[in-house]
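All remarks here apply to the structure that follows.
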Amino acid sequence: MDTDTAHSVAHVLIEALPYIQRFAGKTIVIKYGGNAMTEDHLKASFARDIVLLKQVGVNPVVVHGGGPQIGELLDRLGKKSEFVDGLRVTDRETMDVVQMVLGGIVNQEIVSLINRYGGRAVGLTGKDGQMIRATPLRGEDPDVDLGHVGQVEGVDPAIVHTLDHSSFIPVIAPIGFDREGRAYNINADTAAEKLAVVLDAEKLFLLTNTHGVLDGTGTLLPKLAAPQVDEMIRDGTIHGGMIPKIRCALDAVRSGVNATHIVDGRVEHAVLLELLTDEGVGTLISR
């Protein structure tokens, strides 16, 4: 390593130092999805980010999705996916596939990646330790039965606290259960938001396939307060599929999470860049 390169590395470390000091001992909930979860080089960079955060004293909690992987396996099994209001209709057979993909294939791949880079990840679903209690979610049309699509009724964070304050890293599939023990598929953004609130997390990260929140000219807005976001929804600047994710971010900060970050998961090491550098790679939303 030449002197200029060494100085560049030292500069990066010094820039990160105050952030490391600020967030040491804090819990950060990260919803992992999109391209970051399907492209090999992004999966590797995400896993290394999580290991480094744990190593410097931050407590990361990973909540992951898996919609494309579920759709792919359903196609291979010859079962057609049906969506209503953007929600996958989930009958009993589909729920079996959801549990196989989210709680098995995807969850264990993330655990293995984190462990490969020196972490100590533990795979969970919301059923473990009776963590995520759910009730059936009703769509806009009350006559349409979405099946095993759930909404969060309550969260018991005991098992996450046990892992979070040790050397382990929880990796959670968003599968809940009801009072009769039936399993439900829960939106990963929503599950991450509810966990962040109950865990009294310092921050919630939502990894997406967009640069963050953009203004009317398409320029990234690095920081927004909740009232500004409300206005952007009202005037149509924020629209379409971004609205549910933004509402999730607002619910988190209004329920006690210090800040939510909408982060571009297509950027390598996006979590570290957003958390530990001055510039960041997304939009920070605060109260």
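FYI, side chains are in, hydrogens and waters are out, and symmetry mates aren't considered; it's all heavy atoms of this structure.
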Review point. Between Glu109 and Lys43, is a salt bridge (charged side-chain N to carboxylate O under 4.0 Å, His left out) present by the stated rule, with each step listed?
Key: CA-CA 10 Å; Glu109 181 185 22; Lys43 289 192 285 188; 2.7 Å; yes
Review point. Should Val171 and Leu124 be marked as a side chain to side chain contact (heavy atoms under 4.5 Å, CB included) after you check the CA-CA gap, both sets of side-chain angles, and the distance that decides it?
Key: CA-CA 6 Å; Val171 178; Leu124 304 166; over 6 Å; no
Exercise for review: Kindly determine whether Leu207 and Val271 satisfy side chain to side chain contact (heavy atoms under 4.5 Å, CB included), including the steps that lead there.
Suggested key: CA-CA 8 Å; Leu207 268 63; Val271 174; 4.0 Å; yes
**Study point:** Audit row: Ser81, Arg88, side chain to side chain donor-acceptor pair (under 3.5 Å) steps and yes/no
**Key:** CA-CA 7 Å; Ser81 295; Arg88 187 189 303 275; 2.8 Å; yes
Exercise for review: Check the pair Val63 / Val29 against side chain to side chain contact (heavy atoms under 4.5 Å, CB included), numbers first and verdict last.
Suggested key: CA-CA 7 Å; Val63 180; Val29 176; 4.2 Å; yes
Practice item. Report the C-alpha separation of Asp49 and Leu52 in whole Å, then their side-chain angles, then the decisive distance to 0.1 Å, and conclude whether the side chain to side chain contact (heavy atoms under 4.5 Å, CB included) test is met. Key: CA-CA 5 Å; Asp49 286 2; Leu52 190 148; 6.0 Å; no
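Here the side chain of Lys54 pairs no donor or acceptor atom with the backbone of Ser167 at under 3.5 angstrom. Judged by distance alone, the side chain of Gln151 and the main-chain N or O of Leu137 form no donor-acceptor pair under 3.5 Å. A donor-acceptor contact shorter than 3.5 Å links the side chain of Glu15 to the backbone of Asp278. Checking side-chain atoms of Asp178 against main-chain N and O of Ala134 turns up no donor-acceptor pair under 3.5 Å. Counting only distance, with no hydrogens or angles, the side chain of Ser45 and the backbone of His269 share a donor-acceptor pair below 3.5 Å. Looking only at distances, a side-chain donor or acceptor of Tyr32 sits under 3.5 Å from a matching main-chain atom of Ala36. Under the 3.5 Å distance criterion, the side-chain polar atoms of Asp128 are matched with a main-chain donor or acceptor of Thr125. Proximity of a side-chain donor or acceptor of Thr277 to a complementary backbone N or O of Leu273 within less than 3.5 Å is detected. Between the Thr162 side chain and the Ala158 main chain, a donor and an acceptor come within less than 3.5 Å of each other. A side-chain donor-acceptor contact under 3.5 Å links Thr283 to the backbone of Leu221.
When all heavy atoms of Gly126 and Ile172 are compared, the closest pair comes out as N-CG2, 4.5 Å. The two residues Arg287 and Val257 make their nearest non-hydrogen contact at NH1-O, 3.0 Å. Between Val213 and Ile246 the shortest heavy-atom distance is CG2-CD1, 3.5 Å. What you find for Ile285 and Ala249 is that their closest heavy atoms are CD1-CB, 4.0 Å. Closest non-hydrogen pair, Ile30 versus Phe46, comes out as CG2-CE1, 3.8 Å. In terms of heavy-atom proximity, Glu274 sits nearest to Phe205 at CG-CE2, 3.6 Å.
Here Leu113 contributes atom CG and Met37 contributes atom CE; the two are 11.0 Å apart, rounded to the nearest 0.5 Å. The distance from atom CD of Gln99 to atom CD1 of Ile175, rounded to the nearest 0.5 Å, is 5.0 Å. Once rounded to the nearest 0.5 Å, the distance linking CG of Leu224 with CD of Glu231 reads 12.0 Å. For the atom pair CG (Leu204) and CG (Asp251), the distance works out to 10.5 Å, reported to the nearest 0.5 Å. Note that CG of Asn187 and SG of Cys248 are 7.0 Å apart. Values are rounded to the nearest 0.5 Å. Of the inter-residue distances, the one linking Tyr117 atom OH with Ile50 atom CD1 reads 13.5 Å to the nearest 0.5 angstrom.
Using a 3.5 Å distance cut-off with no hydrogens or angles, the side chains of Gln130 and Asp156 do not pair a donor with an acceptor. In this structure, a donor-acceptor pair under 3.5 Å is absent between the side chains of Lys31 and His64. In the model, Asn59 has no side-chain atom that pairs as donor or acceptor with a side-chain atom of Lys26 under 3.5 Å.
In this structure, Ile28 and Val61 have side chains that are not in contact, with every pair of non-hydrogen atoms separated by 4.5 Å or more. At a threshold of 4.5 Å between non-hydrogen side-chain atoms, the residues Leu42 and Asn35 count as touching. Looking at heavy atoms from C-beta onward, Thr190 lies in side-chain contact with Lys194 at the 4.5 angstrom threshold. Counting only heavy atoms from C-beta outward, the side chains of Arg133 and Val152 never approach each other to under 4.5 Å. The shortest distance between side-chain heavy atoms of Ile233 and Arg247 falls below 4.5 Å. For the pair Leu53/Leu272, a side-chain contact is recorded, criterion being any heavy-atom separation below 4.5 Å from C-beta on.
Tracing side-chain contacts under 4.5 Å through hydrophobic residues (I, L, V, M, F, W, Y), one reaches Ile114 starting from Val56; they form part of the same cluster. Put simply, Met100 and Leu74 are part of the same group of oily side chains (I, L, V, M, F, W, Y) that touch within less than 4.5 Å, one to the next. The hydrophobic cluster containing Leu146 does not contain Met95, counting ILVMFWY residues as joined when their side-chain heavy atoms lie under 4.5 angstrom apart, directly or transitively. Cluster membership check: Ile70 does not share its hydrophobic cluster with Phe83, using side-chain heavy-atom separations under 4.5 Å among Ile, Leu, Val, Met, Phe, Trp and Tyr. Hydrophobic clustering, with ILVMFWY side chains joined whenever heavy atoms are under 4.5 angstrom apart, keeps Val197 apart from Leu284.
Of the listed residues (Leu163, Leu199, Leu195), just one forms a side-chain contact (heavy atoms from CB on, under 4.5 Å) with Pro170, and that residue is Leu163.
Ion pairing of Asp230 with Arg254 is present here, as a side-chain N (NZ or NE/NH1/NH2) and a carboxylate O approach within less than 4.0 Å.
Remark: Lys79 engages Asp91, Glu93 in a salt bridge (Lys or Arg N to Asp or Glu O under 4.0 Å) (not counting sequence neighbours). Evaluation of the salt bridge (Lys or Arg N to Asp or Glu O under 4.0 Å) rule for Arg120 yields no partner, not counting sequence neighbours. Every residue meeting the salt bridge (Lys or Arg N to Asp or Glu O under 4.0 Å) condition with Glu153, not counting sequence neighbours, appears here in chain and number order: Arg179.
For CD of Glu39, the number of neighbouring non-hydrogen atoms (other residues, nucleotides, ligands) closer than 6.0 Å is greater than 12. No more than 12 heavy atoms of other residues, nucleotides or ligands shown are found within 6.0 angstrom of NE2 on His11.
Note on ring orientation: taking the six-membered ring where Trp is involved, the planes of Tyr184 and His148 are tilted (angle from 30° to 60°).
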